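This structure is a prediction, so every number in the text was calculated from the model and none was measured. Labels below follow one simple rule: chain letters A, B, ... track the order of the sequence lines, proteins then strands, and each chain is numbered from 1. These numbers come from the heavy atoms of this one structure, side chains and all, not from hydrogens, waters or symmetry mates.
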Number of protein chains: 2
Amino acid sequence: MPDGVHVFDRLLEIALLIQQDMSRELGPAGLTAARTHLLWEVHHRGPSTQQALAAALQVSPRNVTGLVDAVEKGGFARREPHPTDRRATLVTLTEQGTRAMADMVASRGQIAAHLVSDFDTAQLQRFTADLDAVTARLHELMDDGSPT
Amino acid sequence: MPDGVHVFDRLLEIALLIQQDMSRELGPAGLTAARTHLLWEVHHRGPSTQQALAAALQVSPRNVTGLVDAVEKGGFARREPHPTDRRATLVTLTEQGTRAMADMVASRGQIAAHLVSDFDTAQLQRFTADLDAVTARLHELMDDGSPT
DNA sequence: TATTGTTATACTCTATAACTATA
DNA sequence: TATAGTTATAGAGTATAACAATA
């Protein structure tokens with residue numbers, strides 16, 4: 001007798017496990033979840049202003065200052081002057097930062113493959129579709145509830 | 001062409017959305033994620049020592065002191081003397097705390113039902129089984145990686 | 001001697017508000 | 001006047017280490 005609550009509980013459990021697994025990997029490299037999230041964003045967007053990062057991470061500009069301070073100190077990123085706007089700075093990945101993100105992509109790929117290694121193609125297709133449906137429902141809930 | 005990485009990304013996205021939704025509900029009541037987690041644990045275990053809660057939440061005893069201070073101040077829980085061990089205290093839910101947990105169960109049930117409201121019985125069964133399989137795989141990964 | 005909870009101290013993430021330098 | 005980033009200040013979550021009371 002499966003029901004929605006079971007699904008919800010499982011999703012919560014999975015979320016927790018993924019978080020734990022990721023912090024276990026990042027800790028040694030001197031990275032935290034928040035800092036990694038910032039680097040990840042820079043990795044995908046390319047050199048970005050702190051304002052852009054604040055918007056992308058849905059976090060205050062002040063917070064970004066702190067995170068950039070930390071990853072700069074750790075050698076993962078660098079502040080560079082914006083070529084045309086002298087008020088702004090561009091956050092860029094260093095070689096070390098680029099390497100860290102590449103490692104992360106690789107390790108995430110391994111985990112991802114392992115998660116569904118039992119599934120045949122049809123099953124994976126169905127499961128993916130179901131996850132997409134649940135995600136869409138969640139987005140609906142979020143949009144309904146916070147009309148701002 | 002679905003693959004494991006898509007699944008992984010979706011799971012991350014779902015985790016994020018659920019977190020956001022939950023904090024949106026808890027904020028108004030004066031509760032945070034960490035405090036709610038503690039109350040949730042007390043709700044399920046019954047009156048518990050802080051040591052037991054620290055173990056259950058996988059958090060330091062010192063941390064539990066702070067969280068209990070906060071939920072006690074907020075009127076959600078109470079410290080009571082342990083009947084046989086005078087070193088220990090039992091954390092118990094107040095009426096307000098019990099009500100808050102009941103509300104949470106109800107609201108979580110609504111969300112959960114909505115998430116899979118499109119699914120017919122067979123689909124829900126399959127989806128649940130797939131989620132269980134993924135969860136089992138994640139547990140494997142966690143156990144492998146942290147031999148401690 | 002071991003355990004329970006607390007005080008002391010410190011680090012990270014987060015926020016708002018005020019300020020500086022530029023647009 | 002508005003925007004980019006910083007300083008100032010504050011609160012929450014987390015940790016370790018030292019300590020008191022009790023087992």
**Complete:** Whole-Å distance, B:Leu38 CG to D:dA12 P, equals 15 Å

**Message:** The side chain of B:Gln50 is closest to which nucleotide in this list: C:dT6, D:dA4, D:dG13?
**Reply:** C:dT6

**Asked** With sugar-phosphate meaning primed atoms plus P, OP1 and OP2, does A:Val59 contact a base, only sugar-phosphate, or nothing at under 4.0 Å between heavy atoms?
**Response** sugar-phosphate

**Prompt:** Between A:Glu41 and A:Ser48, is any side-chain donor less than 3.5 angstrom from a side-chain acceptor?
**Reply:** no

**Complete:** Whole-Å distance, A:Asp69 CG to D:dT6 P, equals 7 Å

**Message:** I want to verify a distance call: between C:dC13, C:dT16, C:dT4, whose nearest atom is closest to the B:Ala88 side chain?
**Reply:** C:dT4

**Message:** Measuring from the side chain of A:Arg62 (C-beta onward, heavy atoms only), which nucleotide among D:dT14, C:dT12, D:dA8 has the closest atom?
**Reply:** D:dA8

**Complete:** Quick note, A:Arg35 side chain, CB onward, closest among C:dT6, D:dG13, C:dC13 is C:dC13

**Fill in**
A:Leu53 atom CG is separated from D:dG5 atom C1', nearest whole Å, by 12 Å

**Prompt:** If you check every side-chain atom of A:Pro61, which of D:dT6, D:dA4, C:dT6 has the closest atom?
**Reply:** D:dT6

**Request:** Rounded off to whole Å, could you give me the CD-to-C1' distance for the B:Glu80 and C:dT4 pair?
**Result:** 17 Å

**Fill in**
Looking only at D:dG5, C:dG5, D:dA2, the nucleotide nearest the A:Gln51 side chain is D:dG5

**Asked** Is the base of C:dT22 touched by the side chain of A:Arg86 through a donor-acceptor pair closer than 3.5 angstrom?
**Response** no

**Message:** Of the listed nucleotides (C:dA21, C:dG5, D:dA12), which one gets closest to any side-chain atom of B:Thr32?
**Reply:** D:dA12

**Message:** Just to be sure I understand the rule, does A:Ser23 reach a base, reach only the sugar-phosphate, or reach nothing, if contact means heavy atoms closer than 4.0 Å?
**Reply:** nothing

**Asked** Can you hop from B:Val105 to B:Val42 via hydrophobic side chains spaced under 4.5 Å?
**Response** yes

**Prompt:** Quick one: A:Leu31 CG to C:dT12 C1', roughly how many Å, whole number?
**Reply:** 13 Å

**Prompt:** Expressed in angstrom and rounded to an integer, what is the separation of A:His82 atom NE2 from C:dA21 atom C1'?
**Reply:** 16 Å

**Asked** What's the closest nucleotide to the B:Leu67 side chain, out of D:dA21, D:dG13, C:dT6?
**Response** D:dG13

